[in-house]
Amino acid sequence: MKAFCRDCFWTGEDAVRRCPTCASPRIVAHPELGDLTIAHMDCDAFYASVEKRDRPELRDVPVIVGGGQRGVVTTCCYIARIKGVRSAMPMFKALAACPEAVVIKPDFTKYRAESKRILGMASELTPLIQNLSLDEAWMDLSGTARLHGALPAITLARLQARVEAEVGITVSIGLAPNKFLAKIASELDKPRGFSVLGAEAKAFLAGKPVRILPGVGPAMVASLEKAGFRTVGDLARADRKALADRWGAQGLRLFDLAHGRDARAVNPNEARKAISGETTFNADLSRIEDLEDQLSPLCERVARQARAASVAGRVVTLKLRGTDFRIVTRRRTLAIPTQTAHTLFQVGRELLAAEAVGKPWRLIGIGIADLVDEEAAPDDFFAGDERKALASERSLDVLRARFGADVVTSARNLRTRASRDKG
């Protein structure tokens, strides 16, 4: 098979402009189509798409999902993107670019439910699914052709059609020989796309900027460009040993990626790397007492998520965003991994004290990283104050599960909520 139709699932050996069976122009053609098994599935503008599905009157309207006037854009629909709106953009800039947009507060309970529904459909096809977030996942369909009576490309196209028909949103698929290229491919024809990358990947990547490579953030981009590596092709032509001498294991990985190589397997059990929460204030805050009031409920939220996932974190991370939108992060490694709000708040407020020196802030966040499985920990994993706090907070989890999330809260959090509601 070298080509297929995404509407009637016709297959053939020759690339055609229109399907010979149903005349659809939605043809996918690639010489390696019948051999590739690694896919990346990405929901198109997921949160905004779910909101549009539930409010059909917004179908042709630009929609932004995010905070209020002082918040940031969580995501937006493609109509808003055409106007220049982007994820993480300050809301005032987004509304300046697209003043007619409808702004909707995120409903993560609904988004999680739809994510679970879509991933449930995918799990019927293969057990090898690795979630990246609520709206994207890698899939490995190796060895599934006999089971489903179709090659992986057709199975994926059927999944794509099923999600659209039953969930009411669209997804884009990237099919490739490895995870890196599959994720790149899924971005090539959004929304509702199906793209394939194979042996031509190295040539395709050559002219792309180095920032397209996973793990290459702004600091690494600056370091690479200073060394003369501006494009992926520059890295592909470099001496492998020279890259390793300068950047160690990361240099070797960049060399492989530049050649379109990625040995990582699709791993359903790959540990989550971090859990975090943040909030943007209605008005800038500079007093440490006010900042602590905002920090406390975030610590409770992150700790509850950690306990629900049966993990604990060895690293606590504090995040602050100033009025100039510059971000400050501070980290501390713990002697004992934590999954309690008690420890998170104690460490978080110590990190905060060094920064809350009168400067106004517009956002605060707290998180844990370097996660470990609580079940794999020794008996003395949690000790002292952490053990006591954990027992107390687990008891509160039971009460909240039985009577509702708001049945128990701290006086500090109650005061913060009342102040927020009043504002």
Side-chain angles (χ1 to χ4, degrees), residues 1-46 48-50 52-54 56-63 77-82 114 117-122 124-126 135-139 141-142 144-177 181-201 203-204:
M1 182 186 75
K2 299 293 190 294
F4 74 91
C5 172
R6 294 171 59 197
D7 287 326
C8 72
F9 308 115
W10 162 87
T11 63
E13 291 297 318
D14 299 313
V16 294
R17 293 186 63 185
R18 286 188 174 271
C19 174
T21 300
C22 71
S24 170
R26 301 179 72 218
I27 301 295
V28 177
H30 193 279
E32 300 169 66
L33 196 56
D35 303 320
L36 301 175
T37 61
I38 306 298
H40 181 260
M41 178 176 65
D42 192 0
C43 299
D44 300 321
F46 183 43
S49 295
V50 171
K52 286 198 171 196
R53 178 203 64 187
D54 294 345
E57 70 275 12
L58 299 178
R59 186 187 66 177
D60 298 321
V61 175
V63 169
C77 72
Y78 288 94
I79 300 174
R81 293 182 190 187
I82 291 172
E114 295 303 332
R117 187 178 172 191
I118 294 169
L119 291 173
M121 295 177 183
E124 295 175 16
L125 307 179
T126 175
D135 61 345
E136 57 178 324
W138 279 300
M139 303 171 62
L141 283 85
S142 302
T144 64
R146 179 176 294 184
L147 176 65
H148 301 303
L151 291 170
I154 299 296
T155 299
L156 289 163
R158 288 173 175 163
L159 171 64
Q160 189 179 38
R162 182 185 176 191
V163 170
E164 188 169 349
E166 297 183 18
V167 182
I169 68 169
T170 63
V171 301
S172 292
I173 300 287
L175 181 63
L181 293 179
K183 194 171 191 309
I184 293 290
S186 69
E187 296 288 335
L188 297 181
D189 190 30
K190 293 177 72 67
R192 207 178 179 223
F194 194 118
S195 299
V196 183
L197 271 179
E200 77 283 7
F204 170 82

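Note that this is a predicted model, so its numbers are computed, not measured.
Proximity of Val28 to Arg6: side-chain heavy atoms (C-beta onward) are separated by under 4.5 Å at one or more points. When side chains are defined from C-beta on, Met121 counts as touching Arg162, because their heavy atoms get closer than 4.5 Å. Contact of the Leu188 side chain with the Phe204 side chain is registered, since non-hydrogen atoms from C-beta on lie closer than 4.5 Å. With contacts defined as side-chain heavy-atom distances shorter than 4.5 Å, the pair Lys183/Leu197 does not qualify. Looking at heavy atoms from C-beta onward, Phe4 lies out of side-chain contact with Leu151 at the 4.5 angstrom threshold. Thr11 places a side-chain heavy atom less than 4.5 Å from the side chain of Ile154. Under the 4.5 Å side-chain criterion, counting only non-hydrogen atoms from C-beta, Glu200 is in contact with His30. Annotation: side chain of Thr21 is not in contact with side chain of Phe9 (no heavy-atom distance under 4.5 Å).
Around CZ of Arg117, the count of heavy atoms belonging to other residues, nucleotides or ligands within 6.0 Å exceeds 12.
The line from OG1 of Thr144 to CG of Leu156 is 8.0 Å long, rounded to the nearest 0.5 Å. Rounded to the nearest 0.5 Å, atoms CD1 (Ile173) and CG (Asp189) are 12.0 Å apart. Distance check: Glu136 CD to Leu119 CG gives 11.0 Å after rounding to the nearest 0.5 Å. Taken from CD in Glu114 to CG in Asp135, the straight-line distance is 13.0 Å, to the nearest 0.5 Å. If you take CG on Leu36 and OG on Ser142, they are separated by 10.0 Å, rounding to the nearest 0.5 Å.
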Run Asp42 and Glu187 through side-chain contact (heavy atoms from CB on, under 4.5 Å) and show every step you take. CA-CA 8 Å; Asp42 192 0; Glu187 296 288 335; 3.3 Å; yes
Pair Asp44, Ser49 - check side chain to side chain donor-acceptor pair (under 3.5 Å), show working. CA-CA 7 Å; Asp44 300 321; Ser49 295; over 6 Å; no
How far apart are the C-alpha atoms of Lys52 and Val63, what are their side-chain angles, what is the distance that settles it, and do they pass the side-chain contact (heavy atoms from CB on, under 4.5 Å) test? CA-CA 8 Å; Lys52 286 198 171 196; Val63 169; 3.6 Å; yes
Between Cys22 and Cys5, does a side-chain contact (heavy atoms from CB on, under 4.5 Å) hold up when you go through it step by step? CA-CA 9 Å; Cys22 71; Cys5 172; 3.6 Å; yes
Could you go through Glu13 and Lys2, starting from their C-alpha distance and side-chain angles, then the distance that decides it, and tell me whether this counts as side-chain contact (heavy atoms from CB on, under 4.5 Å)? CA-CA 5 Å; Glu13 291 297 318; Lys2 299 293 190 294; 3.6 Å; yes
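Residues Ala150 and Thr155 share a closest heavy-atom pair of O-OG1, 3.7 Å. When all heavy atoms of Leu125 and His148 are compared, the closest pair comes out as O-NE2, 2.8 Å. Nearest approach of Ala48 to Cys77, heavy atoms of both residues: CB-N, 3.6 Å. Counting all heavy atoms, side chain and backbone alike, Ala185 lies closest to Leu175 at CB-N, 4.1 Å. Summarising the geometry of Ala122 relative to Met41, their closest heavy-atom pair is CB-CE, 4.3 Å, with the distance given to 0.1 Å. Here the closest non-hydrogen pair linking Ile38 and Pro177 is CG1-O, 3.7 Å.
Counting only distance, with no hydrogens or angles, the side chain of Ser186 and the backbone of Gly174 share no donor-acceptor pair below 3.5 Å. Looking only at distances, no side-chain donor or acceptor of Glu164 sits under 3.5 Å from a matching main-chain atom of Thr170. Side-chain N or O atoms of Gln160 include one that pairs as donor or acceptor with a backbone N or O of Gly193 at under 3.5 Å. A donor-acceptor pair under 3.5 Å is absent between the side-chain atoms of Arg192 and the main chain of Val171, judged by distance alone. Formation of a donor-acceptor pair under 3.5 Å by the His40 side chain with backbone atoms of Ile184 is not found in this model.
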